Every structure is written in C-alpha cells, then in structure tokens.
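Here is the structure we will look at, set down as structure tokens.
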Amino acid sequence: MVIRAQMIDAKCRAKAMKIAVGVPGVISVSIAGFASILLSYLAFYDLGNTSCSLVDVRLLSCSLLTSEAAQSIALCKNLKMLDFGGCKSVADQGLESLSSLTRLTTLYLSGTDIIDTGLRALGCGNTPIGSLSLRYSHLLPEKLKFLQLRTTCVEQMKHLIHDRIDSGLVSLSLALDVITDDLIFHITHNLGLLVKLDLEDRPRSIPEKHIDFSNYGLHLLASCTRLTDLCLVRCSSGHVPATFRMVNCLGMSLLAEGCKNLESVKLSDFFLVTNEGFTSILFSYKKLRKFEVIDSFLLSNLAFHDLGNTSCSLVDVRLPPCTLLTGEVAQSIALCKDLEVLDFGGCDNVADQGLESLSSLTRLTTLYLSGTNITDTGLRALGCGNSPIGSLSLRYCKRVVDRGLAFL
C-alpha cells in the first residue's frame, strides 16, 4: 500500500494510514512528503493494540514526523525494513525503542537528527541490522553488510574504516568532501569483500595534487576482485570546478586490468579521459550491463565503434550530456540487442540519424532524448519501429512539435 502526500489533506491521510496499518495482512506501507504532525498520533498510536503484520515501513521526507512514531512502530515485532529518510525531526529517543526489534535488518536514517547517542542504544540492543544509511556517526552496529553515509569528511571516514567498520562489509556508499587516493588505500586494504562501491564528492576548493584522486587510486581499485558495481562522481560546489583532473586514460587502463566482474560502472567528470580510456572499460568487462558516463567532454562516437564485434551484454547506457556524441552513436549502441535503457540527455549533437536503428530494439523501454536535436522525422522512425518504449523524455527538444508526437 502506498500513500502519497498529494492525494488527500493531512488529517485524512493520517486516518488512512491508521486504517492501513491496522488491517490484517498489510505488510508494507510507504508514504512520501508528509508534513503533518498528525501522522505521529493518528497513524501509529494504537499499534500495540492491534495484530500488526507490518514488515516494511517507508516514511520519506515526512518533515514533522517525530520520534514518537518510531516508538509506536517499534511495536511491530516482525518489522524488517524501516526508512526515515528525510524525516529531520526523528531523533535519538525513537532509535532507542527500535533496539528491541529482533528482525530489523535494514534501517535508513539519512536526513534525520540521529547522533551517536541513538546509535549507541541501537548497538546495545538485539537488532540484527545489516544495512544502514545515515548522515554520519562514530558508532556503527557490528557486522554491517551495507553502509551508506552522507556528508562525510574523508579523514573521519578513514578512521571509521580502520577502527569501526567490519571487514565483511559488501556495499559502501559515501558522500564525501573529497575523494583521495589515501581513502581508496584504506578501502581496498580493509574491505576486501566489497561488491559495491559508490563514492561521490563535492570539494569546497580545488584539491591539492598530492592528495587528489588519481591514476594510482584506480590502480588500487583494480585489486577489488569481487567488485561488481563501481560509481565515482565529482559534483560542483559553487565556483569550484568539478573534475577529476589527476586521472587520464592510463588510470582507466589500470582499472580495466582488474575488477573483471564489474557489471555496472558510473563515471562523472573525468575531464582528461578520452575515447581510449572509456573503450578500455567498455571492452574489458564481459559482464558489463550498465555503463554511465556523465559530463565527458572527450567521449565521442569512436568509443562505441566496435560494439558489434563483441558479445555486448549492455542493458543500460546513460551518456548525459556528452556533447561530442552525434546520432551515429545510436547506430553502434543499437547493436546491443538486450538494451532496455538509453539516455542521451543534453547531447545536443544527437539528431535523427540513428533513431531508426533504435526502433529495432525489442527490449528498449526507457529513452531519454532531452535537450537533443531530434525532429519529428526521428520520432516517426521511433513510432514505426518495434521498441516497446514506455518512458520517453523530450524536454527542451526545440525542433519537436505536435505533429511529431502524433507518430508515437
């Protein structure tokens, strides 16, 4: 059951939630954007007096939700998954009550007011949490398998990896002030079982060359032989240029020599990497299913030229906005017959050429063409094909008019 904030007024939403959680057999409830304090009292107040069957509760960005709701939810003894993401008024008091849940394995606390006190209480309880998402804390439950930390200082993170995080961790997602080679060293030498690594940074100033992420960092990552998902993203922070300026094609080649089990790669703002570097990634991993490159100024059609000569396993390709790409790249990518998602958002040199090739993809369900230079002619080609496209984005396509939409 899913209840969203837009559907009814606050009091009615709370009553609807109260009815939902009290219905026998309801095991999952999700609500987003709830800004009413009524949710605490009306929806969860009597859970202790009902035969609660909930195992999955997601309360996203409910800005006025307080810890009292957590205390009530803690009466759901079968609960396995709880998401308080963006509930900024949820604090330590509610977390203490969750420590008695013996089946709770997944807990999302990003955007809450939780600090070390609450996590200490949680760690002293019987909750077998294996997946945790929060802003930051010095105190983490033992034997975590999945960890997501937001707004983390790289120096604090190195301390956590060395002293607090269990070596059995398989998934790590971090939002940092800066990604450094030293951090990668700590990760690769202490977390040898990692399967998924997601790193995003937002430097407040241009990182010093001797500490910034470089080819050496990619060389270290190549030793993570179990890795299947890798994400490396640098975001802009005000006037600070957001690029990995110490990484070039050599680094990509070093990465391609290892990590042979990679299935998903996301790379953003690798300013100096050319087709040679991206090609080494594309053609080195036989299991690669998702390939995403964001804001690459040097990625062109040539990187995809030989896709037809490989056993292409790609199902998801996202290239926004790589401005050197043209419609010809679509013809190469169309050789990936299992493709389901394709994103050319912001690739303003991509036009009608190649869209006819995409129309033959019988599994393509999602296509993003926002900000491209396509016309009604290209839409006609798509409309006459066999692609079962269910999601199509045409925002800022200035050459598309009503007549073109009629072809779809």
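Please read all numbers here as calculations on a predicted model, not as lab measurements. One is the number of the first residue; the rest follow in order along the sequence.
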Does [X] use its side chain to pair, donor to acceptor, with the backbone of [Y] at less than 3.5 Å?
X	Y	result
Asp201	Leu176	no
Asn215	Gly251	yes
Thr228	Val195	yes
Asp269	Cys235	no
Asn349	Thr323	yes
Ser313	Lys286	yes
Ser387	Leu358	yes
Asp348	Gly371	no
Asp343	Pro320	no
Thr127	Leu101	yes

So does [X] pair up with [Y], basic N to acidic O under 4.0 Å?
X	Y	value
Arg58	Asp56	yes
Arg363	Asp338	yes
Arg234	Asp212	yes

Taking the six-membered ring for Trp, are His162 and His186 parallel (under 30°), tilted (30 to 60°) or perpendicular (over 60°)?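 Judged by the thresholds at 30° and 60°, the geometry between His162 and His186 is perpendicular.
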
Minimum side-chain heavy-atom gap [X]-[Y] below 4.5 Å:
X	Y	result
Leu144	Ile129	yes
Ile211	Val154	no
Thr112	Leu134	no
Val247	Leu272	no
Leu319	Ile333	yes
Phe146	Val170	yes
Leu282	Leu314	yes
Phe213	Asp181	yes

Both conditions, 6.0 Å and 45 degrees, for the charged tip of Arg245 above the ring of Phe271: are they met here?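 The answer is no, since Arg245 fails at least one limit relative to Phe271.
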
Has [X] got more than 12 heavy atoms of other residues, nucleotides or ligands less than 6.0 Å from its [atom1]?
X	atom1	answer
Phe407	CZ	yes
Lys143	NZ	no
Leu392	CG	yes
Lys158	NZ	yes
Asp402	CG	no
Arg289	CZ	no
Tyr108	OH	no

Ring pair (Phe, Tyr, Trp, His ring centres under 6.0 Å) partners of [X], counting only residues at least two apart:
X	result
Phe278	none
His305	none
Phe185	His189

